[in-house]
Each structure stands twice: as C-alpha cells, then as structure tokens.
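Worksheet: the structure to be examined is printed underneath.
Keep in mind the model is a prediction, meaning the values are calculated, not measured. Below, chains carry the letters A, B, ... as their sequence lines are ordered, and counting in each starts from 1. These numbers come from the heavy atoms of this one structure, side chains and all, not from hydrogens, waters or symmetry mates.
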Number of protein chains: 2
Amino acid sequence: MTHSEENYLKAIFHIGKGGANEISTNAIAEQMETKPSSVTDMMKKLSEKNLVNYKKYKGVSLTSIGKSMALSIIRKHRLWEVFLVEKLDFSWDEVHDVAEQLEHIESEKLIDKLDKLLDYPKYDPHGDPIPDKNGNFKVIDKKLLSELSVNDKGICVGVKDSSSQFLKFLDKNKIALGDIIEVIDKEDFDGSFQLKINANSFNVSSQIASNLYVQITE
Amino acid sequence: MTHSEENYLKAIFHIGKGGANEISTNAIAEQMETKPSSVTDMMKKLSEKNLVNYKKYKGVSLTSIGKSMALSIIRKHRLWEVFLVEKLDFSWDEVHDVAEQLEHIESEKLIDKLDKLLDYPKYDPHGDPIPDKNGNFKVIDKKLLSELSVNDKGICVGVKDSSSQFLKFLDKNKIALGDIIEVIDKEDFDGSFQLKINANSFNVSSQIASNLYVQITE
DNA sequence: ATAAAGTTTTAGGTTTGTCTAAATTTAAAT
DNA sequence: ATTTAAATTTAGACAAACCTAAAACTTTAT
Ligand SMILES: [Mn+2]
Ligand SMILES: [Mn+2]
Ligand SMILES: [Mn+2]
Ligand SMILES: [Mn+2]
C-alpha cells in the first residue's frame, strides 16, 4: 500500500463516517484536495485490489478489507497524536500534521508497543475514539452543544472542527475536554449560548456551540 | 526533499565516511541497491539543487548544504533508534528498518522533543554517534578488536556490521556495548582471538573481531 | 600506444500519481 | 420530454524515480 492509497481509504472512511454509504467522486476529490479525474484513476486501482466497491458513475464504498485498512491507519494516526501530546508535550492543535506523516509508518510491532507505552488509550486528544487492533471502538453517545436545551448539563468530550484555529480559541478561553458544561440560556436572536463551564459563566456563539461535542449527564 | 533524495544524500555521506571525497556512481548504486543509470539521474537533480558537486565521469561530493541535510537525517535515524530501544523495548537488531522509515518524518519540533525525551543521547544503540542540532558530534577514538594486540584492554563501544544476524549472535554470546574486553591471545593459524569479556573467557573468530569496535583503556 | 576492460552517461521506456480538456453519463429544470 | 446543468469518466500529458540497452569516456593491461 502506498501513502496515497492509504490516504484515499482514510478519506472514504471519513466521508462515509464509517458506514457503508456510496461515496461520490467529487466528495473524495474535495477531501483529498485533488481533481475528480485523479480520484477516478485511484478508485480503479483500489477496486482492482478489492479495497473498494466501484461501479462507474455510481460512487464507491469500502470493502471489508478496505475498511479494516482505513481503521488501521486511523488507529495509527490517533495513537501518534496521543504520543505527541502525552510524551512530547505537543499541544492538541499541533499534532495533526505530524500524525498525518507518522500514520504511514509500517510496523505492527511499533504500533503495538506504542499502544502499550501510552497505556492503551481509548480516545485521541480531540476526543475521537482509537480503534483497537481489530478495528473495534466504542461510539460514545455524544451531542453537539448546539443541540442541547436550557438546563441540560454534560461533559465536554470532543470537537467537531479540529482546526488549529478553533483549538487555540478553546485554549484561550480555557475550555478543555473533560470540562463540565451547563446550558444556562439560549439566545434566540443570534443562537448564542449562555453557559456555565466549571462553575464559570461563559457566552459562546452558535458557531462555537456547533463544533463542541458534549456527553449529557442529566 | 523527497525520501529518495534524502536516501541518496545519506548514502553519499556514509560511503565517504563524512569526508569530502569524490564518490563514484557505482559505489552509490551498490549502497542504494539501484542501477548506475538511476544514480546519474539523481546526481543531476541533486546537483541542480546544490546538494552535491557533480562533474560528469568525475564522481560527486556533498556540498555543505548537502552534508548538513545528510547529518540531519542521520540524527533523526539514530534518535529514533534510541527511542525504539529505550522507550518501546525493541532490541538493537530490530530498530534499523523502522528507523529507515521514521528518519523521513518532517518536523523539527518533533525531533527536538524526542531528543529531550531521550535526555539528549550521544550514541545510538549500535554505538554510532548522534549529531546534535547543528550537525556536530564527537568522534570517539575506537579501534576494531581485530587491530588490538595481546594484553590490550578496552571497552566495547560499537559494531561495524550492524546486521540483525551479527547483533543476534552477540546477544546470544552475551556480548554487549559497555563490556570490558581484554585480549588474552591471538591465534596465528586462523586469526581467532582468545578474550576475557567481563571476567569470562571467550574465543571469537577473526570475522567477529573485525566487526567489533573497542575503545582502548590501557 | 593501442586494445581491452571497466565505469559512467545517454536514450528511450515503465509505473505511479497527478493534471487539463474533452467526452460521456446522470440529475435537474423547464 | 427536452433541454440544461452537474458529475463523472476518458484521453492524453507530465514529473519522479526507476529500468535496460547502447554509446561514450576512463583506466588498465599489454
Ligand atoms: Mn488528526
Ligand atoms: Mn485527532
Ligand atoms: Mn540504523
Ligand atoms: Mn544505528
């Protein structure tokens, strides 16, 4: 498997959110920042290798082999992200680009030992689940903060947008995974939220609220 | 810089042992396990980028930029080898191939932090020196065990052959870096050595003796 | 000094992954 | 039901990194 092939499989998995949907050529091209014609070429090759189901003009889906390869790459990506944060003191907004490179390192032993060193983490620094060796992971029942109602209370468990920009914004405002969030009020006018985060009052825009995942506790 | 370009620079550095000698096309081809014609192509490209001095039929040498790039890759390779042994419990015969991949990861911050995590090691698991950020490293005054005379005594500080085969042989015979070695006798007949290693008697063939580096203490 | 042998380069070709432009198929709009 | 628009595929091209075979250069041996 080449780096490029791996990146395509990962892209298909992410667009389809792990399901078996038919993914369009254009969607893949956008995700990969490449041209649709390049995608078509690659889909033919991946189809030849039995990693995707491809029928002309009908989009693609991952085969079970393709899916497990995608999961293996995602596992590596997220484990490396944990390593960078936990062992090398990277901040959560700096890890993605390096992990994009590290995810392609081929060595089963390496990743097993890394998993052990990190004490078998279940989530990456952005709250995304880390598949185990067999590709299994728990899907935690989380909601976007923007979907909560007044008086709902929960724990901040993830981010939808994991751009450096957004993560730095959260840092600056001292919002972190694990924080307890309570919805005090919702403003109809602009969709903004009045929150209590770890006992401090906060007001966040609807844009922020729709990029934070919360696990409701009551 | 592509992986391939990096590997060529490293190969040239290794063949020339860090000096500024003119390296032949065939020597590079052999080191890289590729064909001379491929080497010529690459030398033209590296020359274009001012990483090597190249004149047709006259061989190549690294420019100062090329040399510092080679040293940077070697630094990364050896730091990763230390990481694999110290933090992930790899044995010294398993690290090279993985380090060949990891050495190409691009992130200055990553390598600085890794260096710190490992507490700024000066040598890799095979006794090879690790260049610092500026490409400087100490050349330790070591000799091949085969060059020692009877009654010479020293510390085992490195291996010349770092093949898995040889390293496993040393493991099996409980010979490790840091061991104290004394030459008790040399056998003219087959060039074999009678040694005392950490107080135990040993007999090693000339082939072994010419692949172990020793720092003489008396 | 010349021939033979060895080394290096050139010429032309392949594969991978990309691109643009044109053709084809599917979906949407009238 | 056509026409128009959008999505997708094909055709042809290109750069990177490799190859084989042939030509050119250098070194060695006679
Ligand atoms: Mn990431
Ligand atoms: Mn992540
Ligand atoms: Mn090595
Ligand atoms: Mn080494």
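- Considering only side-chain N and O atoms, T40(A) lies under 4.0 angstrom from the phosphate OP1 or OP2 of dT9(D).
- Atom OH in Y54(B) sits about 3 Å away from atom P in dT9(C), given to the nearest Å.
- Contact of S37(A) with dT20(C) (side chain to base): a donor-acceptor pair of N or O atoms is detected under 3.5 Å.
- The aromatic ring centres of Y8(B) and F13(B) sit 6.0 Å or more apart.
- Going from atom NZ of K44(A) over to atom P of dT9(D) covers 8 Å, rounded to whole Å.
- The distance from atom CD of E48(B) to atom P of dA16(D) is 11 Å, rounded to the nearest whole Å.
- Aromatic pair H96(A)/H126(A): ring centres not closer than 6.0 Å.
- Position along DNA chain C of the nearest nucleotide to Y57(A) versus S38(A) favours S38(A) as the more 5'-ward residue.
- The nearest whole Å value for the distance from the NZ atom in K58(B) to the P atom in dT9(C) is 11 Å.
- Using a 4.5 Å cut-off on side-chain heavy atoms (C-beta onward), L46(B) and V60(B) make no contact.
- Taking only side-chain nitrogens and oxygens, K56(A) comes nearer than 4.0 Å to OP1 or OP2 of dT10(D).
- Between M32(B) atom CE and dC19(D) atom P there is a gap of 10 Å when expressed in whole angstrom units.
- Along DNA chain C, the nucleotide closest to K55(B) and the one closest to E5(A) are compared, and the more 5′ of them pairs with K55(B).
- Between S4(A) and dT16(C), a side-chain N or O to OP1/OP2 separation shorter than 4.0 Å is absent.
- Phosphate proximity of dT8(D) to N26(A): present, with a side-chain N or O under 4.0 Å from OP1 or OP2.
- For the OP1/OP2 pair of dT7(C) and a distance below 4.0 Å, the side-chain nitrogens and oxygens of S24(B) include no atom meeting the criterion.
- The separation between L46(B) atom CG and dC18(D) atom P is 11 Å, rounded to whole Å.
- Side-chain polar atoms of D124(B) and W80(B) form no donor-acceptor pair below 3.5 angstrom.
- A donor-acceptor contact closer than 3.5 angstrom is absent between the side chains of T63(A) and N50(A).
- Close to dT16(C), at under 4.0 Å from its OP1 or OP2, lies no side-chain N or O of Y8(A).
- Atom CE of M43(B) is separated from atom P of dA16(D) by 15 Å (rounded to the nearest Å).
- Rounded to whole Å, the distance from CD1 on I28(B) to P on dT7(C) is 14 Å.
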